[in-house]
Student: 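Take a look at this one; I'll ask things after.
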Amino acid sequence: MTHSSPDVNLSPALPTELFSQALADEVFVQCTLSKRRSASSAEYRKVTARLVAIKEQTAVQLTYHFQKKETHENLSESEAAARLGELLQTEFEHGHLFTANCDYVLRARADGSYKVKRHAPTKQPSVQLHDREKQYLIPEGTACPFLVEIGVMTADGAVRAAKRKKFRQINRYLEIVNDIVEHLPRDRRLRVIDFGCGKSYLTFALHHLLTVIHDFDVEITGLDREPSVIATCQRVAEKLRCRGLRFETGNIDRFADEEKVDLSVSLHACDTATDDAIAQSVRWKAEVILAVPCCQHEFATSIQNQQLRALTAHGILKERFAAVATDAFRATALGICDYATSVVEFIDMEHTAKNVLLRAVKQPVNQARRTALIAEYRTLKQLLSIERLHLERVLPELAERVAE
């Protein structure tokens, strides 16, 4: 028997948040907007939304239903949430949101708020594939223990519809790591540090790639500040009998392991924590460094050049500019410290726009190239009127090489 919840009132802005949360939590199934407002000038009678997979990424496809035709628009999740919220505020009075957890029925009130009823779910998630299936490092159809444990796969190897995006994200990460496997040593136990491992989906994926697919003898340490998260990860590792995988509680800047590390990973380490991870990795002379930076508060507050006012006057523009410039500094700094560095697109695990990955491989840089990189680094600092960056403070080798 299906039970309905009591009526709930939502402010005009909250439907957008409801759509956004459903998409972020990977429970969104479908949405229908109907009953045009009396003031609406739209020619379409209703709008429906569903998830589609296009070129390895999930998009939200909006279908506009006219009297005799349909048109389609593919949007990112954030764009779709904003668009659906806007349409419900301006063009339609009724909204029906279907999720894996429950169904929501929204009705517009005269004062601009919404009456919402919640019902038991009536639809199952599914993603319509627009492209041919990609061959992944972890394929569908064969159960992968850690993916089964975290709920991405069923016991028979089927990818759960609501977790298809996470499945693709994990495989994308493995593709990036797989490109650098040839640079890792085979003549001894491979030592890996994953700074800020969090829930460790990607730590387990990395362990699978190195041990199951490439048969490395590994010692992988996942490091995070949250004891409860670390305890959970350790229990999962023990349950799955992941040889050579352990988890520890600690901060990046205080991790004092003197033994050489071959592969250093830091995904979404906040602000200067990314610099701390890079600095420690360079001191270790790690063979490979992988870093997905998060926020850049240090740099955003350091820009002093008023001639760049057009780039820094607006918060969102300043944030994006700071992110690009900070990562440019980091990539150049790694080159100065003898790392061949590339910046690649990375599909992240936390539904944010922070999708840049720095991939650095230990490789001697000739003097002419280092001189050019140092000049580029200095010029960028001068252009932005920045005196000294945190990365220089924690990495004396860099500071010495770029000193005037």
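In what follows, residues are counted from 1 in the order of the sequence shown. Owing to the predicted nature of the structure, the values given are computational and were not obtained by experimental measurement.
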Student: Would you say T154's side chain and A158's backbone share a donor-acceptor pair under 3.5 angstrom?
Tutor: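 Checking the backbone N and O of A158 against the side chain of T154, a donor-acceptor pair under 3.5 Å is found.
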Student: Is any side-chain heavy atom of V177 less than 4.5 Å from a side-chain heavy atom of L290?
Tutor: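 A side-chain contact exists here, since the closest heavy-atom pair is under 4.5 Å.
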Student: Should F66 and T71 be marked as a side chain to side chain contact (heavy atoms under 4.5 Å, CB included) after you check the CA-CA gap, both sets of side-chain angles, and the distance that decides it?
Tutor: CA-CA 8 Å; F66 295 80; T71 62; 3.5 Å; yes
Student: Less than 4.0 angstrom from a charged side-chain N to a carboxylate O is my criterion; do R330 and D275 meet it?
Tutor: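 So R330 pairs with D275 through a salt bridge.
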Student: Using the ring centroid of each side chain, check whether F204 and F247 are separated by less than 6.0 Å.
Tutor: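 Ring-ring flag for F204/F247: true, centres closer than 6.0 Å.
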Student: Show your reasoning for whether side-chain hydrogen bond (donor to acceptor under 3.5 Å, both in side chains) applies to R50 and Q30.
Tutor: CA-CA 5 Å; R50 62 175 181 143; Q30 184 179 322; over 6 Å; no
Student: Got a sec, which pairs hit salt bridge (Lys or Arg N to Asp or Glu O under 4.0 Å) with one end in residues 331-343, sequence neighbours left out?
Tutor: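 Found D338-R370, D338-R401.
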Student: Is it the case that the side chain of S281 and the backbone of A277 share a donor-acceptor pair, with hydrogens and angles ignored and the cut-off at 3.5 Å?
Tutor: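 Yes: the side chain of S281 pairs with the backbone of A277.
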Student: Among R191, R189, R186, which residue meets the salt bridge (Lys or Arg N to Asp or Glu O under 4.0 Å) test with D217?
Tutor: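 With D217 as partner, salt bridge (Lys or Arg N to Asp or Glu O under 4.0 Å) holds for just one option, R189.
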Student: Hey, is the main chain of L184 close enough, under 3.5 Å, to the side chain of D262 for a donor-acceptor pair?
Tutor: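 Here the side-chain-to-backbone pair does not exist.
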Student: May I ask you to decide whether E43 forms a salt bridge with R36, counting only side-chain N to carboxylate O separations under 4.0 Å?
Tutor: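 No salt bridge links E43 with R36.
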Student: Please check if any side-chain donor atom of T63 sits under 3.5 Å from a side-chain acceptor atom of H72, or the reverse.
Tutor: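 A donor-acceptor contact under 3.5 Å links the two side chains.
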Student: Pick out which of R241, Q234, R235 makes a side-chain hydrogen bond (donor to acceptor under 3.5 Å, both in side chains) with E238.
Tutor: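 Running side-chain hydrogen bond (donor to acceptor under 3.5 Å, both in side chains) over R241, Q234, R235 with E238 returns exactly one hit, Q234.
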Student: Which pair of heavy atoms, one from A333 and one from Y377, lies closest together, and at what distance?
Tutor: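 Minimum heavy-atom separation between A333 and Y377: CB-CE1, 4.1 Å.
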Student: Please name the pair of heavy atoms, one in A49 and one in V60, separated by the smallest distance, quoted to 0.1 Å.
Tutor: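 Distance-wise, the nearest heavy atoms are CB-CG1, 4.1 Å.
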Student: So, does S385 use its side chain to make a donor-acceptor pair with the main chain of K381 at under 3.5 Å?
Tutor: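 Checked: no pair found.
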Student: Please answer whether the main-chain N or O of P293 pairs with a side-chain N or O of D327 as donor and acceptor at a distance below 3.5 Å.
Tutor: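 Side chain of D327 to backbone of P293, a donor-acceptor pair under 3.5 Å: no, none is there.
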Student: Between R378 and V402, is there a donor-acceptor pair closer than 3.5 Å when you use the side chain of the first and the backbone of the second?
Tutor: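 Confirmed, R378 side chain pairs with V402 backbone.
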Student: Give a yes or no on whether the backbone of L106 and the side-chain of K115 come within a donor-acceptor separation of less than 3.5 Å.
Tutor: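 Side chain of K115 to backbone of L106, a donor-acceptor pair under 3.5 Å: no, none is there.
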Student: Using 4.0 Å as the upper bound for N to carboxylate O, is an ion pair formed by K239 and E149?
Tutor: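 Result for this pair is yes, salt bridge flagged.
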Student: Going through the distances and angles, do C144 and M153 end up as a side chain to side chain contact (heavy atoms under 4.5 Å, CB included)?
Tutor: CA-CA 8 Å; C144 177; M153 275 185 172; 4.1 Å; yes
Student: What verdict does the side chain to side chain contact (heavy atoms under 4.5 Å, CB included) test give for T249 and D224, after you've listed the backbone C-alpha separation in whole Å, the side-chain angles of each residue and the deciding distance to 0.1 Å?
Tutor: CA-CA 5 Å; T249 303; D224 199 89; over 6 Å; no
Student: Would you find a donor on one side and an acceptor on the other, under 3.5 Å apart, between the side chain of T341 and the backbone of Y339?
Tutor: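 Yes, because the side chain of T341 sits within donor-acceptor range (under 3.5 Å) of the backbone of Y339.
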Student: Quick check: does any side chain N or O of S76 sit under 3.5 Å from a backbone N or O of E79, one acting as donor and the other as acceptor?
Tutor: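 Yes.
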Student: When you compare the side chain of F167 with that of E140, does any pair of heavy atoms fall below 4.5 Å?
Tutor: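 In short, these two side chains touch, coming nearer than 4.5 Å.
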Student: Salt bridge or not for D179 and R359, using N-O below 4.0 Å?
Tutor: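 The answer is yes: the pair qualifies as a salt bridge.
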Student: Is K260 salt-bridged to E287, cutoff N-O under 4.0 Å?
Tutor: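 The answer is yes: the pair qualifies as a salt bridge.
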Student: Which pair of non-hydrogen atoms, one from C233 and one from G198, has the smallest distance, and what is that distance?
Tutor: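 Here C233 and G198 meet closest at SG-O, 3.5 Å.
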Student: How far apart are the C-alpha atoms of L210 and L190, what are their side-chain angles, what is the distance that settles it, and do they pass the side chain to side chain contact (heavy atoms under 4.5 Å, CB included) test?
Tutor: CA-CA 9 Å; L210 295 175; L190 182 68; 3.9 Å; yes
Student: Please report, to 0.1 Å, the donor-acceptor pairs under 3.5 Å made by any side chain of residues 81-88, with sequence neighbours excluded.
Tutor:
| residue | atom | partner | partner atom | Å |
| --- | --- | --- | --- | --- |
| R83 | NE | Y64 | OH | 3.2 |
| R83 | NH1 | E86 | OE1 | 3.4 |

Student: Could R37 and F92 be counted as a cation-pi pair, given that NZ or CZ must be under 6.0 Å from the ring centre and within 45° of the axis?
Tutor: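 The answer is no, since R37 fails at least one limit relative to F92.
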Student: Should the pair R188-E219 be classified as a salt bridge under the 4.0 Å nitrogen-to-oxygen rule?
Tutor: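 E219 and R188: not salt-bridged.
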Student: Verify, without hydrogens or angle tests, whether N171 (side chain) and L137 (backbone) share a donor-acceptor contact under 3.5 angstrom.
Tutor: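 Judged by distance alone, yes, a pair lies under 3.5 Å.
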